[in-house]
Asks: 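Here's a structure for you.
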Amino acid sequence: MENTAVVASVESALTEVLEREVGGLTADVRLFEDLHLDSTSVMEMLMALEDSMAIVIDPETLDMDDFKTVGTLTAYLLRVRGESSGAGQIPVAAGAGE
């Protein structure tokens with residue numbers, strides 16, 4: 001899944017959660033300050049994203065830095081998506097291939 005597809009999923013989830021059309025998001029849009037999300041709407045958005053992207057978000061991996069902007073959220077979701085698609089693969093040791 002590429003960056004633009006993830007942003008489209010975020011827009012769709014936000015439209016559902018905020019009950020208003022959300023589109024044209026750019027990487028620098030701040031989730032809390034610009035879109036006025038709160039902790040409840042973030043949880044609703046994450047549940048919608050789990051459904052639409054077929055991912056499982058582990059609460060242990062959540063970090064507030066991942067929710068600063070659309071760009072940081074997109075990067076987080078791409079990491080989670082990559083981990084999900086890598087299920088069953090042999091893990092690579094840290095530092096391997098460097």
Side-chain angles (χ1 to χ4, degrees):
M1 182 174 264
E2 65 181 63
N3 197 41
T4 54
V6 173
V7 172
S9 293
V10 170
E11 288 177 346
S12 177
L14 287 170
T15 294
E16 177 183 328
V17 169
L18 298 175
E19 297 179 349
R20 64 180 168 84
E21 189 64 33
V22 177
L25 293 178
T26 60
D28 60 338
V29 172
R30 298 170 300 173
L31 297 175
F32 292 97
E33 294 87 351
D34 298 332
L35 297 175
H36 308 289
L37 296 184
D38 59 23
S39 58
T40 301
S41 56
V42 166
M43 292 307 295
E44 291 174 2
M45 176 188 65
L46 290 175
M47 289 188 292
L49 288 166
E50 283 184 319
D51 290 342
S52 68
M53 295 178 63
I55 58 174
V56 176
I57 296 174
D58 179 0
E60 296 295 319
T61 66
L62 296 175
D63 188 299
M64 280 306 295
D65 287 341
D66 294 321
F67 298 97
K68 286 184 177 181
T69 66
V70 170
T72 59
L73 177 60
T74 299
Y76 170 77
L77 293 169
L78 286 169
R79 283 195 313 274
V80 169
R81 181 73 176 173
E83 291 167 8
S84 296
S85 66
Q89 293 181 356
I90 299 170
V92 177
E98 290 181 12

Asks: Treat each ILVMFWY residue as a node, draw an edge where side-chain heavy atoms are under 4.5 Å apart, and state whether Met45 and Met43 are in one component.
Replies: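 Yes.
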Asks: Taking all atoms of both residues into account, what is the closest heavy-atom pair of Leu37 and Phe32, and its distance?
Replies: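 Answer, listing the atom of Leu37 first, then Phe32: O-CD2, 3.0 Å.
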Asks: Looking at side-chain heavy atoms only, is the closest gap between Phe67 and Thr72 below 4.5 Å?
Replies: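 Contact flag for Phe67/Thr72 side chains = no.
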Asks: CG of Leu62 to OH of Tyr76: how many Å apart, nearest 0.5 Å?
Replies: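 If I round to the nearest 0.5 Å, the distance is 4.0 Å.
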Asks: According to the salt bridge (charged side-chain N to carboxylate O under 4.0 Å, His left out) rule, which pairs have a member within residues 65-79, sequence neighbours left out?
Replies: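 Output for this query lists Asp65-Lys68, Asp66-Arg79.
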Asks: Checking the side chain of Arg81 only, and the main-chain atoms of Ile55 only, is there a donor and an acceptor separated by less than 3.5 Å?
Replies: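 No.
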Asks: Hey, could you give me each pair passing side-chain hydrogen bond (donor to acceptor under 3.5 Å, both in side chains) that has a residue in residues 11-21? Not counting sequence neighbours.
Replies: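 Every pair satisfying side-chain hydrogen bond (donor to acceptor under 3.5 Å, both in side chains) with a residue in residues 11-21: there are none.
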Asks: Side-chain contact test, heavy atoms from C-beta onward, threshold under 4.5 Å: evaluate it for Leu73 versus Val10 and give yes or no.
Replies: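 The answer is yes; the side chains approach within 4.5 Å.
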Asks: List in chain and number order the residues that pass side chain to side chain donor-acceptor pair (under 3.5 Å) with Thr4, two or more places apart in sequence or in another chain; answer none if no residue qualifies.
Replies: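 Only Glu2 meet the side chain to side chain donor-acceptor pair (under 3.5 Å) criterion with Thr4.
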Asks: Looking at residues at least two apart in the chain, or sitting in another chain, which of them share a side chain to side chain contact (heavy atoms under 4.5 Å, CB included) with Thr74?
Replies: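 Asn3, Val6, Val7, Val70, Leu78.
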Asks: Could I get the full list of side chain to side chain contact (heavy atoms under 4.5 Å, CB included) partners for Thr26, not counting sequence neighbours?
Replies: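 With neighbours one apart ignored, the set is Asp28, Val29.
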Asks: Would a distance-only check, ignoring hydrogens and angles, find a side-chain to backbone donor-acceptor pair under 3.5 Å from Ser9 to Ala5?
Replies: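 Such a contact is found between Ser9 side chain and Ala5 backbone.
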Asks: For residues 31-58, pull every pair meeting salt bridge (charged side-chain N to carboxylate O under 4.0 Å, His left out), keeping only residues two or more places apart or in separate chains.
Replies: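 For residues 31-58: Arg30-Asp34.
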Asks: Is it possible for you to say whether Met64 and Leu35 belong to one hydrophobic cluster, with membership spreading through side-chain heavy-atom contacts below 4.5 Å?
Replies: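 The answer is yes; both residues are in one hydrophobic cluster.
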